[in-house]
Amino acid sequence: MNYWLVKSEPFKYSWDDFVKEGKSVWDGVRNYQARNNMKAMQKGDWVFFYHSNEGVEIVGLAEVSKEFYQDPTTEDPRWVVVELKPIKKFPKTVTLKAMKADDRLSSLALIKQSRLSVTPVQKAEFDIILSLTE
DNA sequence: GCCAACGTTGGC
DNA sequence: GCCAACGTTGGC
């Protein structure tokens with residue numbers, strides 16, 4: 001069981017859009033590191049859903065419902081997608097500011113590699129962030 | 001809108 | 001294979 005975080009710009013694809021559709025094909029990733037993270041995702045892994053640019057916070061929890069396969073939006077065999085489904089919206093969002101302010105989260109990949117759209121989350125980090133959503 | 005960080009491209 | 005130029009992401 002692994003934990004991840006994906007970013008989305010809410011005016012392009014928000015948590016509410018995600019819930020409305022009931023699932024999402026996470027396509028369009030064109031970055032090798034993000035791609036490698038998606039390839040490492042296993043069915044049932046938990047994924048934080050983060051709003052970038054607007055909000056700048058974790059809004060909900062998703063789960064990997066289908067493991068990686070060729071990205072149908074391109075012929076290029078280098079790129080893959082995974083499928084995600086929403087689990088729940090958090091009662092309280094966790095802002096980037098709050099995560100940066102927490103010493104226990106100082107090595108969070110989201111903070112260290114701010115431009116990466118799919119990042120791993122350590123189990124300990126996951127538990128800490130989850131505790132901040134209540 | 002600005003700009004830092006960082007990934008990609010292409011000339012040599 | 002190096003590196004300058006350029007493009008993109010994303011926080012502020």
Side-chain angles (χ1 to χ4, degrees):
Chain A
M1 175 90 183
N2 289 304
Y3 305 91
W4 310 94
L5 181 147
V6 297
K7 290 184 190 177
S8 185
E9 299 175 57
F11 48 87
K12 281 187 190 158
Y13 190 80
S14 70
W15 172 264
D16 289 341
D17 297 330
F18 183 35
V19 170
K20 212 173 295 167
E21 289 175 15
K23 71 160 198 175
S24 178
V25 177
W26 212 256
D27 61 23
V29 172
R30 297 292 180 269
N31 170 285
Y32 287 107
Q33 252 184 296
R35 190 276 316 262
N36 291 343
N37 289 334
M38 293 206 303
K39 281 189 165 181
M41 285 182 183
Q42 294 179 305
K43 193 172 176 176
D45 282 357
W46 281 351
V47 185
F48 284 133
F49 192 104
Y50 174 89
H51 280 168
S52 64
N53 288 305
E54 217 175 81
V56 195
E57 60 194 359
I58 292 172
V59 291
L61 183 65
E63 105 172 67
V64 177
S65 53
K66 194 165 184 186
E67 290 173 19
F68 79 91
Y69 56 93
Q70 163 73 36
D71 188 336
T73 65
T74 176
E75 295 291 308
D76 192 329
R78 293 177 298 173
W79 308 118
V80 301
V81 298
V82 293
E83 290 184 14
L84 304 177
K85 68 174 184 191
I87 296 180
K88 65 164 184 174
K89 185 171 186 164
F90 293 131
K92 268 172 52 185
T93 60
V94 183
T95 61
L96 180 63
K97 194 180 168 192
M99 290 186 273
K100 279 184 171 172
D102 194 318
D103 290 341
R104 299 170 299 171
L105 298 174
S106 60
S107 58
L108 196 66
L110 172 71
I111 296 169
K112 297 187 91 175
Q113 291 167 279
S114 63
R115 291 181 58 226
L116 193 58
S117 59
V118 181
T119 58
V121 178
Q122 301 303 313
K123 169 87 169 94
E125 295 166 342
F126 183 88
D127 290 342
I128 292 162
I129 293 169
L130 204 59
S131 75
L132 299 175
T133 65
E134 293 165 355

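The sequence lines fix the lettering, A, B, ..., with proteins before strands; numbering per chain opens at 1. All heavy atoms count here, side chains included; hydrogens, waters and symmetry mates do not.
Distance from the side chain of A:R115 is smallest to C:dT8 among C:dC12, C:dG10, C:dT8. When each of B:dC6, C:dC12, B:dT8 is scored by its nearest atom to the side-chain atoms of A:K100, the top-ranked nucleotide is C:dC12. Of the candidate nucleotides C:dG11, C:dT8, B:dT8, B:dT8 has the atom lying nearest to any side-chain atom of A:Y32.
The residues A:R30 and A:D71 are annotated as salt-bridged, a charged nitrogen and a carboxylate oxygen being separated by less than 4.0 angstrom.
A:N53 places its CG atom 11 Å from the C1' atom of C:dT8, with the value rounded to the nearest Å. The CG-C1' distance, from A:L116 to C:dG11, rounds to 16 Å in whole Å. Taking atom CG of A:L108 as the reference point, atom C1' of C:dG10 lies 16 Å away to the nearest angstrom. The OH atom of A:Y13 sits 17 Å away from the P atom of C:dG10 (whole-angstrom rounding). Rounded to a whole Å, the CG atom of A:N31 is 14 Å from the P atom of C:dT8. Distance, A:Q113 CD to B:dC6 P: 8 Å, rounded to whole Å. Atom CD in A:Q33 sits about 16 Å away from atom P in C:dT9, given to the nearest Å. In this structure, NZ of A:K12 is placed 11 Å from C1' of C:dG10, rounded to the nearest angstrom.
Between A:K7 and C:dT9 there is no side-chain polar atom (N or O) within less than 4.0 angstrom of OP1 or OP2.
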Let's go through A:D127 and A:K123 carefully: what are the C-alpha distance in whole Å and the side-chain angles of both, what is the deciding distance for salt bridge (Lys or Arg N to Asp or Glu O under 4.0 Å) to 0.1 Å, and is it a yes or a no?
CA-CA 6 Å; A:D127 290 342; A:K123 169 87 169 94; 2.9 Å; yes

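Here the side chain of A:K7 pairs a donor or acceptor atom with the backbone of A:S114 at under 3.5 angstrom.
Residues A:Q33 and A:Q113 are in side-chain contact: their nearest non-hydrogen atoms beyond the backbone lie under 4.5 Å apart.
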